[in-house]
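Predicted model only: the values in this text are computed from it and were never measured.
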Amino acid sequence: MKFVYSQQDFAMGTRSLLWDITKKYFTVSLIGLTVSDRYASIVSVRGSSMSPAFNPRSDTNDYVLVEKFCLDKYRFSHGDVVVFSSPSNHKEKHIKRIIGLPGDWIGTPNLDDVLKVPEGHFWVEGDNSVSSLDSRSFGPIPLGLIRGRVTHVVWPPQRMGRVERETNQRPLSSLQDRPEFY
């Protein structure tokens, strides 16, 4: 038995194949976009403000996994590394470590002052303070600007692993630990 296909059959088969491929790519893209927007995403870390935790060598950028489940009830701790939108340019994203939670008192070495982190805000700083634009420059960050918590380095392969919380940046005190001044 011999099958003979006309040029019209071939064209319809090609169209059908292209339509199937288009539908699959659209579906995968839609699912990927939903996951990236709601649950997790991968972000490139640029610059040296978080060195040595990220980008210890200046010739490569680390890529990190950002989980977004923490945004549900804003569950964060001292030492968490977060991604947030810049207070001055919402299209720009920063990655910094949480130094102060709402109600904490933060010592600011540059200002020789102690500030209380207001409710609904975080105090964030880069691990490399010499090259970091952070809360010391633009003040406490509103919770609404936080985009997620960094949990793992996913690239380069030799640096893959969990991101540890580091809380030994500077001593903090909560409101009840603050000494009374007379």
request  = Would you name the heavy atoms of E119 and P102 that are closest together and state the gap between them?
outcome  = OE1-CB, 3.7 Å
inquiry  = Determine whether a donor-acceptor pair (N or O, by modelled atom type, separation under 3.5 Å) exists between the side chain of S135 and the backbone of W123.
reply    = no
request  = Using modelled atom types only, decide if a donor and an acceptor are shared between the side chain of D104 and the backbone of K116 within a distance under 3.5 Å.
outcome  = no
side-chain hydrogen bond (donor to acceptor under 3.5 Å, both in side chains) partners of [X], counting only residues at least two apart:
| X | result |
| --- | --- |
| N128 | S131 |
| H121 | none |
| S49 | K96 |
| D134 | S132, R136 |

inquiry  = Hydrophobic cluster membership, with links at side-chain heavy-atom distances under 4.5 Å among I/L/V/M/F/W/Y: are I98 and V81 in one?
reply    = no
inquiry  = Please say yes or no: joined through hydrophobic side-chain contacts below 4.5 Å, possibly via intermediate residues, are V82 and V66 part of one cluster?
reply    = no
Measure the shortest side-chain to side-chain distance between [X] and [Y] over non-hydrogen atoms and say whether it is less than 4.5 angstrom.
| X | Y | result |
| --- | --- | --- |
| V163 | F54 | yes |
| V153 | M160 | no |
| V117 | I106 | yes |
| V124 | I99 | no |

key: Candidate pair N55 and N61, rule side chain to side chain contact (heavy atoms under 4.5 Å, CB included), full reasoning   = CA-CA 6 Å; N55 299 341; N61 288 337; 4.0 Å; yes
Between [atom1] of [X] and [atom2] of [Y], what distance do you get to the nearest 0.5 Å?
| X | Y | atom1 | atom2 | answer |
| --- | --- | --- | --- | --- |
| R97 | R165 | CZ | CZ | 10.5 Å |
| F84 | E92 | CZ | CD | 9.5 Å |
| I95 | M50 | CD1 | CE | 8.0 Å |

remark   = Applied to residues 154-164, the side chain to side chain donor-acceptor pair (under 3.5 Å) test, sequence neighbours excluded, yields D62-R159
Side chains of residues 139-151: which donor-acceptor pairs under 3.5 Å do they make with residues two or more places apart or in other chains?
| residue | atom | partner | partner atom | Å |
| --- | --- | --- | --- | --- |
| R147 | NE | S85 | OG | 3.2 |
| R147 | NH1 | G144 | O | 3.1 |
| R149 | NE | E67 | OE2 | 2.9 |
| R149 | NH1 | R75 | O | 3.0 |
| R149 | NH1 | D80 | OD2 | 2.8 |
| R149 | NH2 | E67 | OE2 | 2.9 |
| R149 | NH2 | R75 | O | 3.3 |

key: Contacts of type side chain to side chain contact (heavy atoms under 4.5 Å, CB included), residue S137, not counting sequence neighbours   = L133
task = Anything under 30° is parallel, anything over 60° is perpendicular, the rest tilted; go ahead and classify H94 against F138.
result = tilted
query = Got a sec, which residues hit ring-ring contact (aromatic ring centres under 6.0 Å, His included) with F122, two or more places apart in sequence or on another chain?
reply = F76
